[in-house]
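In what follows, chains are A, B, ... by sequence order, proteins preceding strands, each numbered from 1. Because only heavy atoms are used, hydrogens play no part in the values below, and waters and symmetry mates are left out as well, while side chains stay in.
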Amino acid sequence: MRRPKVLVGIGLVIAITLTACSTGERVDLGNESSHNLIAAIAGEPDQLDPHKTSAYFSFEVLENVYDTLVEPDENLEMRPALAESWEVSGDQLTWTFHVRQGVTFHDGSPFSADDVVYSYKRIIDQKLSNADRFRAVTDVTAPDKSTVKITVAQPTPNLLSNIGGFKGMAIVQRKNVESGEIATHPIGTGPFAFRSAKSGDSITLAANKNYWGGPPLISGVTFRFIPEASTALSALQAGEIDWTDSIPTQRVEELKTDDSINLGVTPSNDYWYLALNEARKPWNDVRVRRAIAFGIDRHAIVQATSYGTATANQLAIPKGSPWYTEYHGYTLDIAKAKSLLHEAGVKDLTIDMTATSQYPETVTAAQIIADNLAALDITVKIRSMDFAAWLDGENAGNFDMLMMGWLGNIDPDDFYYAQQHTGGKSNAQKYSNPDVDGLLDAARAETNRDARAGLYARAATIVADEASYIYLYNPSVIQAWSKSLAGYQARPDRAIRFRTAALN
Amino acid sequence: MTDMRLADEASGDESARVASWRLLLGNPVTTISAVVLVGIVVVALTARRIAPYGTNKIDVADALQPPTGAHWFGTDELGRDIFSRVLLAAHASLQIALASVAFAFVVGVTIGVISGYRGGLLDAVLMRVVDVMFAFPVLLLALAIVAILAPGSATTILAIGIVYTPIFARVARASTLSVRVEPFVAVSRTLGTGHLYILGRHILPNIAGPVIVQTSVSLAFAILSEAALSFLGLGIQPPEPSWGRMLFDAQGFVQRAWWMGVFPGAAIFATVLAFNLLGDGLRDVLDPKQRTMIEARRQR
Amino acid sequence: MKTFFTSSIVRFLARRLLYSLVVLLGVLIVAFSLVHLVPGDPVRIALGTRYSPDAYQTLRAASGLDRPIVEQFLGYIGSALTGDLGVSFRNGDPVTLTLLDRLPATLSLAVVGIVIALLISVPAGIWAALREGRISDAVVRISSQFGVSIPDFWMGLLLIALFASTLGWLPTSGYQALSDNPAGWLRHVILPGLTVGLVAGAIMTRYIRSALLDVASMGYVRTARSKGLPPWVVTLRHIVRNALIPVLTITGIQLATILGGVIVVEVVFAWPGIGRLVYTAVAARDYPLIQGAVLLIAVLFLLVNLVVDVLYAVVDPRIRLS
């Protein structure tokens with residue numbers, strides 16, 4: 001009969017093909033040189049307009065599509081990018097940038113100082129995501145096509161990191177913005193040009209041969225979205241992808257001994273913290289917050305979330321930074337915690353703690369904290385949700401306690417201002433201390449480096465003493481890439497730069 | 001005549017019941033499944049007392065230990081004893097499965113019996129509604145319901161309950177129809193017996209068989225569905241333990257700690273299998289058509 | 001004779017089609033209501049932190065949620081018929097395009113799964129039916145129960161752990177289109193296909209076995225046997241030919257079930273199909289996408305069942321006349 005024969009035939013084909021398997025086929029984009037880099041990131045960008053998105057996934061892609069006026073180097077010092085050089089006036093109130101000549105956007109149109117003015121004014125006037133970074137700026141003008149003049153209200157030592165810290169302040173093209181295409185088809189001046197996107201699957205960039213920094217050594221980059229860390233890693237080991245940052249920390253030990261891949265573990269400038277909602281009783285009482293800070297087992301939390309790759313820290317700025325301050329105000333001390341609670345006159349508390357599935361470390365830590373605080377007769381109810389819902393909850397003040405991290409911090413102002421200043425853009429815990437406000441405001445305008453460091457040290461100490469944020473740790477940047485990928489290194493600010501990458 | 005008939009039924013029921021039990025227990029597979037299930041239920045009920053460690057006894061220093069004397073199933077990434085969690089999760093999973101199947105049973109059987117008994121337009125309309133629900137794959141509809149309401153145990157019960165209602169409706173209706181056409185029902189009606197009496201005395205006992213079989217099968221799949229929803233992160237939420245959620249957590253540790261995934265999965269498997277095999281055994285006994293064949297074979 | 005059959009087929013078709021349309025209407029009502037049953041404002045919820053009065057108005061208008069409900073429903077049916085299923089709340093992409101984009105991956109998986117399932121269930125079902133009552137029958141019955149009871153995500157994880165992580169023979173996840181790279185497609189589809197196929201195979205084995213037992217107890221097989229034909233002739237000709245109908249039926253039903261049931265397998269294997277799309281849509285509360293996927297899958301389900309029923313009726317005259 002025909003039927004079984006067909007089935008047997010299929011079975012044979014499957015069997016034969018199985019035995020002929022090799023170590024991975026690469027999907028060919030049809031480029032001449034066929035040196036297309038495949039990078040796996042853990043999620044899909046929500047949109048590609050650099051001024052409007054705040055998703056890290058978006059910036060992983062946009063880092064390669066856009067330029068800023070200045071950008072951080074490997075040591076996170078600001079260096080020239082679209083601006084070749086700059087001067088600051090004697091009164092520190094006028095910055096003059098000389099932009100590069102001969103730079104073009106991906107569609108061939110020329111770049112000039114006007115585009116810088118347009119981009120910055122767009123952010124400022126429309127109050128987009130990163131408008132706060134231009135807070136001190138009073139005006140942006142282009143006296144001629146190769147000069148940009150920025151005037152500030154007060155001396156602003158961190159202006160460079162404010163306008164160039166990451167691609168949220170990228171220089172965009174007016175036409176691209178006005179046509180509305182920027183969110184889905186961004187046009188920048190960066191080393192790679194947007195080529196195509198497949199919703200839920202990948203975004204592909206093609207090399208910009210006319211890049212001012214020299215043409216990339218690869219023909220393009222495809223960012224594939226693989227939310228499952230273990231599958232991304234297995235794909236890397238199988239040679240199906242070339243790079244991923246989707247690495248569960250528990251795999252780091254074994255990956256260090258894996259000869260088939262390069263593993264990059266670099267201390268980062270990120271920090272993770274716990275915050276108690278001071279708009280709700282009894283979290284507005286500093287004694288209660290300090291009690292919780294004394295009640296948690298930081299060592300266990302760091303171990304369970306990072307498997308030894310993170311560094312515990314009771315302030316935000318990491319150890320390797322020149323702005324680092326030592327602080328060891330808290331230890332695991334249940335007796336002290338109990339006496340603080342007693343002093344505050346509260347007992348049998350319940351905490352509504354929000355966590356998000358997008359960051360499993362929050363769920364892990366929440367469970368440890370629940371276990372820790374049970375010793376203080378505090379019941380922790382964990383509410384886990386998707387990130388968008390979590391953000392909504394945070395903004396609406398719909399939580400008692402949450403755990404989250406901030407990344408991409410370069411200047412000390414980045415680490416503290418928005419989160420700890422009264423009414424700060426990211427001050428969801430509603431902390432308010434006029435002393436801290438004064439210190440942070442003064443530090444913004446202090447040009448003497450040592451004096452500035454001192455101001456931040458004092459502000460940070462007060463913030464930690466009052467447990468506005470209960471700082472936990474600084475994680476490492478953990479990325480892995482194939483042995484055939486050269487010219488790439490993991491950066492502490494988590495910016496993903498493939499402009500010097502080469503595939504052998 | 002009616003009285004004699006009823007008397008016949010009574011004695012017939014008696015010997016029928018004895019024969020049923022013998023048939024049920026005669027099948028070794030069914031007996032074993034029943035015993036296993038009883039064991040699981042006992043474990044679920046006593047879990048809090050017999051679990052060697054608590055639900056959330058965290059000990060990060062002891063994390064990711066393989067199965068040893070101290071921890072029969074090993075420990076997870078937070079140092080929790082997996083054996084204890086598997087036992088405690090039995091409680092959560094069974095509870096949800098029972099609650100959702102109870103919902104489906106009550107609503108579904110009611111719809112099915114009313115539909116089958118009344119017939120006519122009501123039947124046609126109700127059955128079309130049931131057919132519409134059948135057009136949606138189980139997990140898909142459950143996911144849609146979870147999307148509307150927030151994830152959590154209550155939503156899971158509601159979602160699974162709603163999704164399993166149609167099958168109960170169909171089974172109940174089919175059995176009701178086959179009983180309704182029996183002559184003695186028509187005779188009872190002409191004598192003026194109330195509907196409720198007929199329903200209670202004649203219909204319900206006769207649909208009991210297939211409905212019980214369906215209950216066992218639905219319990220099996222309810223456990224699978226709850227595990228699937230928890231695995232997707234949309235069912236039972238941590239730190240409440242659940243087999244499905246334990247498998248979700250185990251995904252990141254497939255190389256390093258195989259025991260995190262193997263044991264909870266095996267627990268799901270064993271429970272579902274036991275319910276399914278029990279259902280098979282019950283079907284052999286309670287489904288008349290099958291039963292005639294088995295008895296015929298035995299007498300050969 | 002011929003006109004008699006034709007008219008009965010036509011009448012059956014007409015009745016069946018009418019019935020399908022009624023159910024389709026019900027499906028449309030359910031799919032449509034999903035967005036409206038959300039406690040709270042679905043547009044607001046979906047926008048979340050991206051909320052701005054502008055974005056809210058735009059999205060609301062684009063989804064038609066500002067019009068009266070009856071008008072919305074009629075509009076929904078109208079656009080659904082022309083293939084417009086609205087736009088995603090998350091990125092504004094047309095839902096239909098997104099779904100069609102992901103359909104090939106799911107279809108690949110479903111077809112491979114069904115093929116594997118057939119490879120298992122047809123021989124096993126026939127064997128068990130022939131050996132009814134004996135040990136081998138019990139073995140098949142119980143092993144098929146194993147297949148039905150095993151959680152597919154557990155099996156998927158075990159398969160990945162064994163074949164991908166430990167042995168390294170096969171990739172752990174991902175998908176390559178058949179048109180791009182046939183060998184790669186095969187290597188990627190094996191493990192998820194096996195996961196789907198083993199479970200479906202178990203279900204189909206049980207069904208085929210019991211369907212064949214029904215056939216075997218039918219009169220004409222006994223007649224054939226009593227005619228003195230050797231048993232294996234009876235087996236091949238009568239039983240297997242009559243097994244085609246139930247095999248067709250269950251294949252159709254399983255195919256339709258798999259289309260909706262692959263969600264978990266797609267998640268485990270990071271398979272970019274419709275199932276995984278629904279999963280991410282649920283997490284992102286992208287209601288139009290969920291609606292569209294639910295509608296599409298239900299419609300496919302109905303279609304397949306319709307085709308199966310019609311084939312069944314064409315082959316077996318008794319069904320038509322009932």
Q. Would you say the side chain of C:V282 lies within less than 4.5 Å of the side chain of B:L232, judging by non-hydrogen atoms?
A. no

If one checks every heavy atom of C:V267 against chain B at 4.5 Å, the contacting part turns out to be side chain

Contacts of C:Y207 meeting ring-ring contact (aromatic ring centres under 6.0 Å, His included) (sequence neighbours excluded), chain-then-number -> none

If one checks every heavy atom of B:V129 against chain C at 4.5 Å, the contacting part turns out to be neither

**OP:** Compute the centroid of each ring, for B:F248 and then for C:F153, and state whether the two points are separated by less than 6.0 Å.
**Re:** no

Interatomic distance, CG@C:L158 vs CH2@B:W258, rounded to 0.5 Å, equals 11.0 Å

Honestly, the part of C:F301 sitting under 4.5 Å from a heavy atom of chain B is side chain

Distance col, row B:L277:CG vs C:F146:CZ, nearest 0.5 angstrom, shows 7.5 Å

Turns out that what part of C:V299 lies under 4.5 Å from chain B's heavy atoms comes down to neither

Shortest non-hydrogen pair, B:V132 vs C:V23, comes out as CG2-O, 3.6 Å

Honestly, the part of C:L34 sitting under 4.5 Å from a heavy atom of chain B is both

Honestly, the part of C:L302 sitting under 4.5 Å from a heavy atom of chain B is side chain

Looking only at heavy atoms, the pair that brings B:F269 and C:I150 closest together is CD1-CA, 3.6 Å

Heaviest contributor of heavy-atom pairs below 4.5 Å to chain C, chosen from B:A220, B:A227, B:P264, is B:A227

Would you check if the side chain of C:W154 reaches a backbone N or O of B:G244 as a donor-acceptor pair within less than 3.5 Å? no

Between B:L224 and C:V148, the two heavy atoms sitting closest are CD1-O, 4.0 Å

Applying a strict 4.5 Å limit to non-hydrogen atoms, the region of B:F275 in contact with chain C is neither

CZ of B:F231 to CG of C:L157, rounded to nearest 0.5 Å, is 5.0 Å

If one checks every heavy atom of C:V27 against chain B at 4.5 Å, the contacting part turns out to be both

The interface call for B:A266 against chain C, heavy-atom contacts under 4.5 Å, is both

For residues 137-144 of chain B against chain C, heavy atoms under 4.5 Å, the residues are B:P137, B:L139, B:L140, B:L143, B:A144

Bottom line for B:A135: the part with an atom under 4.5 Å from chain C's heavy atoms is both

Rounded to the nearest 0.5 Å, the CG atom of B:D280 sits from the OG atom of C:S144 at a distance of 8.0 Å

- Ignoring hydrogens and geometry, is there a side-chain-to-backbone donor-acceptor pair from C:Q145 to B:L273 under 3.5 Å? no

Highest number of heavy-atom pairs under 4.5 Å with chain C among B:L234, B:L247, B:V146, B:L149 belongs to B:L247

Most contact-rich option vs chain C, by heavy-atom pairs under 4.5 angstrom, among B:I148, B:I145, B:V272, is B:I148

When every non-hydrogen atom of B:G265 is compared with those of C:P151, the smallest separation belongs to O-CG, 4.3 Å

Taken in chain and number order and not counting sequence neighbours, the residues that satisfy salt bridge (charged side-chain N to carboxylate O under 4.0 Å, His left out) with B:D131 are B:R128, B:R170

The side-chain contact (heavy atoms from CB on, under 4.5 Å) partners of B:L122 (sequence neighbours excluded) come to B:I114, B:R118, B:L126

